[in-house]
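See structure below.
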Amino acid sequence: QMQLVESGGGLVQAGDSLRLSCAASGRTFSNYAMGWFRQSPGKEREFVAAISRTGGTTYYADSVKGRSTISRDNARNTVYLQINSPKPEDTAVYYCAATSRAVIGTISGNYDYWGQGTQVTVSS
């Protein structure tokens, strides 16, 4: 089993920057591509960003593209998500997830392990 623990959520002002972290343990972190998803009340869980095992490939949802950066530190077994100029519509519970698949993807069902989530609230 892989354990994933998110941190960095909370209340932020629109226009500030937001950085989430996800610490992994229990498996060899560098063997897993990582993703971030989010879920707002009454909505389906949606893909936000993903990063390959080495960090060489990243992919973003259109909703955050251009203002977000996903990165990873395999030496620290941690993946990060930075959102610049967050908007109220970014308010959600953010989850990190790990997949053993070689190709990063946007489908939540393709991920093997999930964190418990961290709440992000963006005030206007």
Side-chain angles (χ1 to χ4, degrees):
Q1 288 282 1
M2 175 181 271
Q3 291 75 46
L4 301 171
V5 180
E6 302 95 337
S7 60
L11 177 64
V12 297
Q13 295 283 333
D16 286 346
S17 63
L18 169 68
R19 191 190 197 208
L20 305 178
S21 301
C22 173
S25 62
R27 285 286 188 268
T28 302
F29 182 65
S30 58
N31 287 346
Y32 290 82
M34 301 297 294
W36 285 96
F37 292 75
R38 67 187 182 187
Q39 188 168 19
S40 304
K43 295 187 177 181
E44 297 286 327
R45 187 172 298 188
E46 65 173 0
F47 169 79
V48 178
I51 189 166
S52 62
R53 296 168 179 174
T54 63
T57 302
T58 57
Y59 188 74
Y60 298 92
D62 288 343
S63 58
V64 300
K65 191 179 297 181
R67 59 188 184 94
S68 296
T69 302
I70 185 171
S71 60
R72 67 189 295 161
D73 185 340
N74 285 350
R76 296 179 182 272
N77 295 341
T78 303
V79 62
Y80 307 95
L81 178 69
Q82 176 149 344
I83 302 178
N84 298 319
S85 300
K87 307 173 184 179
E89 49 265 44
D90 292 321
T91 295
V93 177
Y94 283 72
Y95 300 88
C96 73
T99 178
S100 57
R101 290 171 180 254
V103 179
I104 61 174
T106 65
I107 307 300
S108 61
N110 289 340
Y111 285 77
D112 306 302
Y113 300 105
W114 292 82
Q116 81 290 348
T118 185
Q119 174 71 48
V120 171
T121 303
V122 182
S123 63
S124 57

Original post:
Can a donor-acceptor pair be found between the side chains of D112 and S100 at a distance below 3.5 Å?
Top reply: yes
Subject >> Connected via hydrophobic side-chain network under 4.5 Å: I51 and V64 >> reply: yes
Original post:
How far apart are the closest heavy atoms of V122 and Q13, and which atoms are they?
Top reply: CG1-C, 4.2 Å
Subject >> I83 versus S68, closest heavy-atom pair with distance >> reply: CG1-OG, 3.5 Å
Original post:
Is L11 atom CG crowded by more than 12 heavy atoms from other residues, nucleotides or ligands, each under 6.0 Å away?
Top reply: yes
Original post:
CG of L4 to OG of S25: how many Å apart, nearest 0.5 Å?
Top reply: 7.5 Å
**OP:** Can you spot which of V79, N77, T118, T78 makes a side-chain contact (heavy atoms from CB on, under 4.5 Å) with C22?
**Re:** V79
Original post:
Within the side chain of E6, is there an N or O that forms a donor-acceptor pair under 3.5 Å with the backbone of G117?
Top reply: yes
Original post:
Between Q119 and T91, is any pair of side-chain heavy atoms under 4.5 Å apart?
Top reply: yes
Original post:
Do any N or O atoms from the side chain of R53 and from the backbone of N31 form a donor-acceptor pair under 3.5 angstrom?
Top reply: yes
Original post:
Would you call S108 and W114 a side-chain contact if the rule is heavy atoms closer than 4.5 Å?
Top reply: yes
**OP:** Search all heavy atoms of D90 against all heavy atoms of R38 and return the closest pair with its distance.
**Re:** OD1-NH1, 2.8 Å
Original post:
For K65, does the NZ atom sit with more than 12 other heavy atoms under 6.0 Å from it, leaving out its own atoms?
Top reply: yes
Subject >> Minimum heavy-atom distance V12-P86, with the two atoms named >> reply: CG2-CG, 4.2 Å
Original post:
Do we get R27 above Y32's six-membered ring, with its NZ or CZ under 6.0 Å from the centre and within 45° of the axis?
Top reply: no
Subject >> Qualifying residue for side-chain contact (heavy atoms from CB on, under 4.5 Å) with T106, from F37, F47, Y60 >> reply: F47
Original post:
Between OG1 of T99 and OH of Y113, what distance do you get to the nearest 0.5 Å?
Top reply: 10.5 Å
Subject >> Minimum heavy-atom distance between S17 and N84, given as atom pair plus value >> reply: CB-OD1, 3.8 Å
**OP:** Can you measure from CZ (R72) to OG1 (T58) and round to the nearest 0.5 angstrom?
**Re:** 12.0 Å
**OP:** Measure across M34 and I70 and return the closest heavy-atom pair with its distance rounded to 0.1 Å.
**Re:** O-CD1, 4.2 Å
Subject >> Spacing of CH2 belonging to W36 relative to CG belonging to L20, to within rounding of 0.5 Å >> reply: 4.5 Å
Subject >> Spatial distance of atom OH (Y80) from atom CG (D73) [nearest 0.5 Å] >> reply: 5.0 Å
